[in-house]
Every structure is written in C-alpha cells, then in structure tokens.
There are 2 protein chains.
Amino acid sequence: MTRPPERPPERTGFRAVKSEIRDRIESGRWGPGTLLPGEVELAEEFGCARATVNRALREIAEAGLVERRRRAGTRVRAAPLREARFRIPLVRAEIEATGARYRYALLDRAVTPASDRLRGRMELPEDARLLRLTCLHFADGLPYQLEQRWISLAALPQAETQDFADSGPNEWLVATVPYTEVEIAFEAAAAGPEAVAHLGFAPGAPVFAIERTTWLRGRAVTHARLSHRPGHRMTTRY
Amino acid sequence: MTRPPERPPERTGFRAVKSEIRDRIESGRWGPGTLLPGEVELAEEFGCARATVNRALREIAEAGLVERRRRAGTRVRAAPLREARFRIPLVRAEIEATGARYRYALLDRAVTPASDRLRGRMELPEDARLLRLTCLHFADGLPYQLEQRWISLAALPQAETQDFADSGPNEWLVATVPYTEVEIAFEAAAAGPEAVAHLGFAPGAPVFAIERTTWLRGRAVTHARLSHRPGHRMTTRY
DNA sequence: AAGTGGTCTAGACCACCTT
DNA sequence: AGGTGGTCTAGACCACTTG
C-alpha cells in the first residue's frame, strides 16, 4: 500500500500560522472569549512578518472562529458564527456529476404579465411582461427537477426570440447575462398540480423547492422555482 | 431629507481595484472567457503595488467570478461559480432578531443506544450511547422549531449530568465544545407524529427540516434535526 | 524556459475604538 | 491618548504550468 500524496503540515507561511492558531482554539487551549496576543507578538513567536500573521488571522476571522476589532484585539468567538455554504450548480452539472445521463425537455412556453406574487419577488413594475417557461430535467430518463422560470422581457428582450427547445434557459442565461445580486430561498411545499403531473408526487406531498431570483444592477432579470423529486436532500460539509 | 451616511465609492486601495474589475466583468466589457491583464500590468494601470491588485483579484476569485492559474493567468469564468451562504444561528438569536420573545421547553430526555440511521449519520461505533433530547422553541408563545437532538456520551460524558431544563442543548454545546467538521442537510419531509403534536402540522404535511451533525477531530459530537413550523422559508441574498 | 500568480518581508501610515 | 488591526508599498523569491 502506498499512501496518497499527502501534504505534510506546512512548516512555514501563513498556512502554518493559521493552522497552529486554529489548533489552539479547537483544542480549547484558547477557549471562548480568550483575547489572543497581538499581531506583533504572534509574529515574533512564529518568526514571521506581521503581514503573515495578519493574513492568517483574517482568514480565521472570515471562517467565524474569532472576532477582530481595532484597539480591542482578536477574541475567540463565544458562539462560533459559521456559515453553511452551498454551491448551486446547473442541474446538468449536478446530474452529470453523479454519473447519470442528462436530458432536458421544454413543457410549456408563454409570454405573460407578472402575477402579484412574482412582482413582489422580482420587484417589478406593474406592466412588466415576462417569458414563462416550464421545463423538466431528467437523470437517466427519470424526472429529476421541475423548473418553472420567468424571464423579464424588459431586461432581456432577446429571450423572446429564443425557443429553448434544445437546452434549458439556465444554460442560456449564464452564458448571456451576468448578474450582480441573487436571492435564494429554500422551502418545503405541498406538491402542486405540475409536481404531481411531472415528478410523480402524490397531491400535497412534501416537495423541496429552491427559489432563485437574480438582478443586474438593481433590475430584475429572472426568477426560477426548482422543485425536486421526492426524497431530495441538499447537503454540505466543511 | 438627509441621506444616510453613504460611503462614496473608494478611490484608492484594493477595494477600489476590486470594484473596478468587478464592474468590467459585470458590464460585459470583460465577457466570459476573457483573459485579464497580468497583475503587474493592472498595478501599473491603477497606480498601486502588485500586492494590492493581488488581493483584489484573490477576493474576486473567491467570489467565483474569475479563475486564476499560474502561468495561465486570470480568466473570467464562463459560468460564474457562486455559492449561497447561509448563516444558521442559534434559534434563540434567530427568534429574538425578529423582535419576538423566546421561550424554550424540554419535552423529553433519555439515554439510548444509537439507531442504525444515527450511526450512519454520525459515523458512530455499534455500542455508542447517546443522550436523546426533544425540545421545543417558541416565538411569542407559538411553537417555532422542534429540535430532536442526540449527543454522543463517549465524546461528551459531562452531558449526562446536565438537565437542559432551562436552556437548550445547543446553547450549552456551543459554549462547551468546539468542533472541526460540520455537515448540514436540508430536506422537505412529511410531518411525523412529533411535528404533528407540537408544531400543529396535519399528518403528512410538508415540514422544512435541517439536519446538522458536528465532529471534533473525527469524533462525532452531536446530531440535531430541526423541524420548522409551517410556511418556514430560509432565505439569503448577496 | 519563461511568465504567471503565490507568498513573504520590512517598513510605514492610518483609522478606529477602547480606556 | 494610545494601542490595535487594516492596509499599502517595494522588492524579492518561489512554484507551478503551459508553450
């Protein structure tokens, strides 16, 4: 048996400093509320420049383990404020990553005015016109995700001439238009008629749904509701 | 009307460089796939040190807008790989942040062997003993979240002597034991008997549930299943 | 082989906040 | 008022990777 090419713990550099400091926190040697030594002092201890300690501490602070304030110094957080990060990839990538074959189908396409609910979510004016698409994404021939999408024709008039028959609107969108703001929401909802018809849910069964809205410089671009097949779990580990 | 103390866009520093570069990407001037100028060149353009450009670009890369490789340079990502970040605060903080009054109740407490499902989730040995707690968190007197928690007594023997009558296990845990790894999962599940009894769900109704497991240096510490009251939405914006 | 980003250093000035 | 972190600079060496 040969070992995988495992990196030895770094002996120098900001990674070494970072990992040593994390270790002192995680081992309890520096418990919650402890005031850490100043950057200058740590730099002396580790035999490096202050900038190196600074980078290590900055990253530890970003991770939520410590809190830094001028003049007050760096303190171990009482309740480590950590974030869960989820990557929300294109469905195609998500499906192909599991080794399954991806297939896409457009179920419906229409131009509509915006409903009140949508105008609220997307922060749209009253007379907004939207392109509404209903799509289905398959993994190995089985329905995987139902996508209900609305595209603002004010922001993206060229969407009206796209037919979206062969590839999904999400792929077209990411290649076409950048965005500056995103809102993502997760919820558990009762299966509606479309989820029943296309995902094989019993009426009222629990559906895991993601809603995603994007804006470009304050202007709503698109809103999507992604409903997943029964049993879907969204997981992250860090 | 006075304006809020709005910060003018920075004129110098890595923030200025960062925001200018983001702007060029978001405006489409540097479209997907574009190779950016090198750090040296950008430093000349912006009249700053290379380290300043480096920091700006590093942060833009972390945000997923560009991809950097030695020798190859910095490229605008074709499909911006962006992450959704969720803070999962203590329920108490979550409730009090809305202005509501927080109340806690312990419903049940027992020491049990680990079920197969739990042993899988927590990666526990066969003979593991767990402290199982069932708790309810109220907002303004109404049930807000049902917490089903298991604590490994091998990792945390002192949990056995805690009674958890007055404050929740999560608060005790964050103040007592650090962790190095977390797994978080979201799902939509059908309301079980406890959600029906305590959260007012109809049997089988959709419940938004978060499962969270933590380890300290490879050793399972605790696992929690948090079920939310009807209509709960988890949202993030960036 | 060479050019790119990755990192470190030593020094400096500054903004901010706590005391 | 003074000490802390926040940031910038100029220069240097290094690691990686691609041509």
Side-chain angles (χ1 to χ4, degrees), chain A residues 4-22 24-25 30 33-78 80-81, chain B residues 4-22 24-25 30 33-78 80-81:
Chain A
E6 175 182 317
R7 279 181 190 282
E10 323 259 350
R11 294 243 142 258
T12 63
F14 80 94
R15 288 164 203 284
V17 175
K18 183 176 169 183
S19 109
E20 171 62 24
I21 294 176
R22 287 182 56 150
R24 292 185 189 174
I25 295 171
W30 286 344
T34 304
L35 182 65
L36 269 59
E39 294 189 349
V40 182
E41 193 176 330
L42 287 169
E44 278 166 16
E45 180 193 336
F46 290 110
C48 65
R50 181 166 79 96
T52 304
V53 173
N54 179 272
R55 172 140 185 214
L57 285 176
R58 194 190 335 128
E59 294 196 357
I60 293 174
E62 260 169 36
L65 276 184
V66 300
E67 195 170 14
R68 317 196 71 193
R69 260 184 299 174
R70 291 176 149 126
R71 168 70 188 169
T74 301
R75 225 169 251 288
V76 179
R77 279 207 132 93
L81 167 64
Chain B
E6 176 182 316
R7 280 180 189 283
E10 323 259 350
R11 293 244 143 257
T12 64
F14 80 93
R15 290 164 201 284
V17 176
K18 184 177 169 183
S19 106
E20 172 61 23
I21 293 176
R22 286 182 56 150
R24 292 186 189 174
I25 294 171
W30 286 344
T34 304
L35 181 65
L36 269 60
E39 293 189 348
V40 182
E41 193 176 331
L42 287 169
E44 278 165 19
E45 180 193 336
F46 290 110
C48 65
R50 181 166 79 95
T52 304
V53 173
N54 180 271
R55 172 140 185 213
L57 285 176
R58 195 191 334 129
E59 294 195 358
I60 293 175
E62 260 169 36
L65 276 184
V66 301
E67 193 171 16
R68 318 195 71 193
R69 264 187 311 192
R70 291 175 151 128
R71 170 67 188 170
T74 301
R75 223 169 253 289
V76 179
R77 279 205 134 94
L81 168 64

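Convention: sequence-line order gives letters A, B, ...; per-chain numbering from 1.
A salt bridge links R24(A) to E20(A): at least one charged side-chain nitrogen sits closer than 4.0 Å to a carboxylate oxygen. Classification of E67(A) and R77(A) as a salt-bridged pair holds, one side-chain N sitting under 4.0 Å from a carboxylate O.
Here the side chain of R68(A) pairs no donor or acceptor atom with the backbone of T74(A) at under 3.5 angstrom.
With hydrogens and angles ignored, a donor-acceptor pair closer than 3.5 Å exists between the side chain of R71(A) and the base of dT18(C).
A straight line from CD of E67(B) to P of dT4(C) spans 18 Å, rounded to a whole angstrom. Atom CD in E41(B) sits roughly 10 Å away from atom P in dG5(C) (whole-Å rounding). For L35(A) and dT19(C), the CG to P distance is 10 Å, given to the nearest whole Å. Rounded to whole Å, atom P of dT17(D) lies 14 Å from atom CZ of R68(B).
Annotation: side chain of I21(A) is in contact with side chain of L36(A) (closest heavy-atom distance under 4.5 Å).
Annotation: side chain to side chain donor-acceptor pair (under 3.5 Å) contacts of E59(B) (sequence neighbours excluded): K18(B), R55(B).
Smallest separation of non-hydrogen atoms from G13(B) and T52(B): C-CG2, 4.0 Å.
Neither OP1 nor OP2 of dG5(D) sits under 4.0 Å from any side-chain N or O of R69(A). Dashed line: the shortest gap from a side-chain N or O of T74(A) to OP1 or OP2 of dT4(D) is not under 4.0 Å.
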If a protein heavy atom is under 4.0 Å from the base, mark B; if only from the sugar-phosphate, S; if neither, -; do that for nucleotides 7-15 of chain C going 5' to 3'. BSB--B--B
